[in-house]
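Since the structure is predicted, the reported quantities are computational estimates derived from the model, not experimental observations.
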Amino acid sequence: MKIEQLMALYGENGVLLEELYQKYKQDPKAIDKEWGLFFQEVETNGSYVGNGAVTNGNGNGKAAVATSFTDAQAGSIREMGIINLLNAYRRQGHLAAKLDPLGLHQPNRDFIDSKLRHLSEADLDTVVETDNPTLGRAKLRDVVDWFEKTYCNTIGVEHYYLVNDEEREWLQKQLESAEFHAQIPKSARLRLFEKLFQADHFETFLAKKYVGKKRFSLEGGESMIPMLDTIVEEAGRYHMEGLVIGMAHRGRLNVLVNIIEKPASLVFAEFEEKAAKDGASYADVKYHLGYSNSKMTTAGKEVKLSLAFNPSHLEAVDPVVAGSIRARQEQYGDLDRSKYMPVVIHGDAAFAGQGVVAETLNLMNLDGYTTGGTFHIVINNQIGFTTLPEESRSTLYATDLAKGFQIPIIHVNGDDPEAVYRVTKLGMDYRQKFKKDFIIDLICYRRLGHNETDEPAFTQPKMYSVIKSHPTTAQLLEEKLLSEGDITQDEVDFIKNGSAQGLEDSFQRAKEQDVKMKVDTMRGVWARYSKDPLDSEPATKLLSEQINGIVHAITTVPEGFTPNPKLVKLLQSRKEMADGKIPLDYGMAEALSFGSILENGFRIRLSGQDSQRGTFSHRHAVLVDIHSGQKYVPLNHISPAQAKAEIINSSLSEYSVLGFEYGYSLSDPNALVIWEAQFGDFANNAQVIFDQFLSSSEVKWQRLSGLTILLPHGYEGQGPEHSSGRMERFLQLCADQNMQVANCTTAAQYFHLLRRQMLRNYRKPLIIFTPKSLLRFPGALSPIGELLHGAFQELVIGHSPAKAEKVEKIIFSVGKVCYDLSKYWEENQIQNTVLVRMEQVYPFPEKEIQNLMKTYKNAKTFVWCQEEPKNQGAWFFVRDRIEELLPNGQRLKYAGRKESASPAAGHMKVHLQEQDQLVQDAFLA
């Protein structure tokens with residue numbers, strides 16, 4: 001037998017040798033002849049000589065096969081068996097680990113024991129050479145004990161699927177080292193107890209002071225607090241600048257007080273709903289609120305901590321946190337992603353059940369989205385609301401989804417805080433070394449029901465019978481610390497008394513000093529911005545001194561760079577647009593707007609599916625060399641002082657990518673952050689972000705965002721899936737000046753709208769229903785002069801009679817249907833009707849319509865015309881608002897498609913018939 005054949009069995013593949021041997025024992029003829037000869041030689045004298053010499057002096061055939069061959073000789077069957085045994089622990093030792101603090105799920109030792117049962121006492125007493133620096137040469141029984149301690153105690157390690165050898169071997173080296181198992185320093189053990197007791201006492205304190213109030217207690221999972229504390233301390237040791245934490249409601253109040261160090265008195269004020277005098281109080285429940293603070297670590301490094309505000313939509317905050325961190329890294333030049341880190345806390349049922357988890361994990365290694373690794377914590381209560389794991393997932397572990405993303409996973413028993421401490425430090429070391437995600441599955445339990453008024457024993461009587469008599473984690477750790485001898489009862493009592501007194505003092509302060517709820521989200525990068533819009537709008541015209549540099553940059557490629565020949569023509573036509581020879585299309589207007597914004601010092605981040613080229617081949621912000629495939633971004637070559645533009649082709653995701661961009665916009669108001677849907681209806685998949693974050697974050701949490709959304713919208717006969725961006729859904733969300741909804745009909749309007757978004761002194765989300773057929777439509781093109789002068793117009797008067805007093809009818813519309821109306825107006829020489837385009841639907845242009853009524857005093861008929869079905873589009877939003885401004889109680893008439901359950905017709909012929917009819921209806925109404 002050749003040495004290469006034996007070496008192929010090294011490591012995990014060594015299991016094949018055992019399988020072959022068992023087949024040989026049952027029937028020597030059942031295996032390859034050469035293997036049969038090999039085993040025969042081993043059983044007779046322990047030696048085999050083929051093309052490569054392999055010798056073994058042990059005459060015990062079974063023992064020889066159960067062990068293995070040496071690396072040096074490709075040889076010893078004994079050492080092959082040892083390596084196979086050790087790799088069995090590394091591969092599936094987690095199945096045998098004692099992970100459930102309640103003991104309801106017993107370890108499964110079948111696989112490990114199947115490897116051990118072949119070993120005799122003589123084998124166990126044999127001194128062997130290991131590949132472990134800590135053990136070196138040791139008795140096999142000592143090696144087994146060490147690996148039992150490492151892989152089958154209260155820590156279960158899943159890492160063997162990692163393709164990267166360096167990562168896998170590094171993890172093994174750390175886990176199997178003496179340092180990993182060494183006694184934790186006394187000061188660290190006392191701190192562990194302090195944070196654990198704080199977590200425990202905080203919950204019991206709230207339960208006594210606010211009986212029956214919902215707080216979504218952390219009880220049963222208190223080890224999360226010392227875990228987070230360890231992360232913060234390790235961040236200080238690594239000289240990190242900041243952490244952004246995302247989590248759902250369970251345990252949030254505990255994290256706010258004991259990790260972020262939000263004054264407990266403010267939390268008590270929120271329980272008592274004491275609003276601040278200025279009225280700037282939160283409009284959300286206390287267990288959804290966030291907070292930011294700076295914390296000095298024992299390493300002497302101050303670390304900024306932010307807990308993201310979050311709705312009840314579990315896992316929706318995951319991409320938001322990642323985007324927030326990415327923005328900070330870009331702002332502060334953290335290009336190796338080592339100074340800022342996202343920490344995301346999941347529930348077990350949510351991690352397995354919510355699709356946004358997979359979508360967000362998929363961003364991990366993508367250009368434009370990587371953050372250098374997220375630290376994931378799964379608070380594994382072993383139950384959802386009332387649903388057990390076997391009822392809520394099809395996998396063994398809640399975290400199995402992450403294996404496909406090559407993320408190491410460590411399961412740890414929540415009742416062993418010292419094990420939690422060890423794996424947390426390991427996770428931080430791994431993240432900083434490999435710049436990758438790391439997951440700790442903290443297996444614990446939920447002492448109470450889903451909330452404090454729920455009775456969990458209705459559905460899980462056995463589990464809650466065990467929980468009722470199970471000691472708290474703090475009690476277990478206290479007993480352990482006292483039993484070790486170097487920590488005294490006085491030291492423990494000092495911690496307990498100090499923590500308890502601190503909470504009581506905060507409670508009394510909240511009572512006696514009448515502490516009010518308050519929020520301050522306008523610090524740091526937000527300090528220069530206002531919550532209240534100014535009465536006047538900024539000048540958005542393109543300065544003449546800017547235009548030459550921008551035009552040169554966006555129409556020029558570097559020497560040696562060869563773009564597609566069709567794009568050479570595009571660049572030439574854009575030069576002609578800038579020279580005034582031909583009008584500007586949307587693509588050129590956008591490029592000039594972007595260039596001027598960059599020149600003003602604002603960063604630009606545009607992401608979406610196919611955004612570099614543009615779905616409709618209209619943008620081409622990123623050029624590709626046809627020979628080398630090299631990419632070139634002209635916008636980044638305007639001037640040395642300009643800001644940077646990132647134009648990104650995103651993954652095929654809407655939910656996570658939009659959440660990421662929203663998070664980015666929260667951390668960087670000095671950037672024009674844009675998410676572009678491939679088609680407007682693709683926003684359907686991201687509705688949670690629109691509903692729970694974008695539209696309501698200001699009123700709920702006082703969090704501002706300037707995120708801009710581009711939704712291609714317009715009826716061109718492309719069927720129901722690619723016509724409507726569902727304008728009605730966004731308008732339904734509009735209130736309290738919370739966002740802007742626009743639909744531009746010319747290139748110049750689009751230019752000024754983007755400029756206005758950045759030059760204002762405040763930030764509001766902007767939803768733009770962008771065109772498809774209008775991108776190159778002659779009527780929608782604009783002369784360069786409209787960029788050098790003017791501003792965005794919320795209401796535009798189109799065709800109208802020469803004399804205002806002749807106007808008897810006003811037709812309002814939004815979007816591209818205005819050009820169908822214009823065509824009819826011209827062809828039929830209409831003389832008594834004015835066409836009005838509503839370019840901004842919200843905030844509603846009330847003053848502009850009032851002025852319109854004053855200009856056309858004789859108008860008696862008022863029509864709203866839209867392409868969308870009557871139950872969709874802007875009709876129901878604008879009807880009452882316009883009617884309130886009409887003279888003499890006039891009613892607004894409707895011209896458009898009839899009500900429909902589907903957004904549009906699926907056949908072009910039907911579409912054209914409907915389009916012609918609604919235009920006629922508008923003029924004949």
Side-chain angles (χ1 to χ4, degrees), residues 586 608-611 614-616 618 654-655 658 674-691 694-695 708-734 739-745 750 765-775 777 780 812-821 837-842 864-879 894-919 921-922:
Y586 269 80
Q609 298 151 18
D610 311 303
S611 287
T615 297
F616 310 103
H618 66 287
E654 291 82 33
Y655 192 165
L658 179 58
I674 303 174
W675 176 69
E676 180 179 53
Q678 197 171 47
F679 288 90
D681 61 285
F682 285 20
N684 294 345
N685 292 334
Q687 199 65 43
V688 169
I689 302 297
F690 289 117
D691 291 351
L694 201 65
S695 65
T708 297
I709 310 293
L710 305 182
L711 302 179
H713 174 92
Y715 283 56
E716 285 96 0
Q718 295 190 41
E721 302 307 318
H722 295 324
S723 294
S724 176
R726 294 289 192 178
M727 184 182 293
E728 65 278 2
R729 293 182 181 171
F730 293 92
L731 293 174
Q732 187 183 40
L733 297 173
C734 291
M739 57 199 292
Q740 309 158 82
V741 177
N743 190 336
C744 303
T745 55
Y750 180 51
L766 170 61
I767 314 296
I768 307 178
F769 290 89
T770 53
K772 294 172 291 188
S773 60
L774 297 190
L775 292 172
F777 180 69
F812 296 92
S813 67
V814 61
K816 63 175 278 293
V817 72
C818 71
Y819 291 105
D820 296 312
L821 294 168
R837 289 179 267 164
M838 192 176 291
E839 302 279 290
Q840 177 178 292
V841 186
Y842 192 83
W864 176 263
C865 182
Q866 67 177 38
E867 297 182 301
E868 300 87 353
K870 190 174 185 179
N871 59 315
Q872 299 169 35
W875 164 243
F876 284 118
F877 182 83
V878 302
R879 181 183 60 186
Y894 172 79
R897 287 176 168 82
K898 65 179 182 179
E899 291 186 350
S900 171
S902 176
H907 301 286
M908 179 62 77
K909 184 176 181 180
V910 175
H911 160 74
L912 293 174
Q913 290 174 345
E914 292 177 341
Q915 197 78 0
D916 289 343
Q917 187 62 53
L918 68 87
V919 170
D921 291 346

Heavy-atom closest pair (L775 atom, F616 atom, distance to 0.1 Å) is CD1-CB, 3.6 Å
message: In the structure I gave you, are the side-chain heavy atoms of N684 and R729 within less than 4.5 Å of one another anywhere?
response: yes
**Report entry** Residues E654, Q609; criterion side chain to side chain donor-acceptor pair (under 3.5 Å); working and verdict
**Finding:** CA-CA 9 Å; E654 291 82 33; Q609 298 151 18; 2.6 Å; yes
Angle class for the F730/F769 ring planes (parallel below 30°, perpendicular above 60°, tilted otherwise)? perpendicular
Paired with Y715, the side chain to side chain contact (heavy atoms under 4.5 Å, CB included) test is passed by just one of K772, R897, H722, Q866, namely R897
inquiry  = Are more than 12 heavy atoms, taken from residues, nucleotides or ligands other than Q732, located less than 6.0 Å from that residue's CD atom?
reply    = no
Kindly say whether G680 contributes a backbone atom to a donor-acceptor pair with the side chain of H713 at under 3.5 angstrom?
-> no
Closest heavy-atom pair, A874 versus V841, reported as atoms and distance to 0.1 Å, is CB-CG1, 4.4 Å
Looking only at atom types and distance, does a side-chain atom of E839 sit under 3.5 Å from a main-chain N or O of T745, one as donor and one as acceptor? yes
- Query: Between D820 (side chain) and D916 (backbone), is there a donor-acceptor pair under 3.5 Å?
  - Reply: no
**Study point:** Y750 side chain vs Y586 backbone, donor-acceptor pair below 3.5 Å
**Key:** no
Check: With no hydrogens and no angle check, is any side-chain donor or acceptor of E676 less than 3.5 Å from a backbone partner on T615?
Finding: no
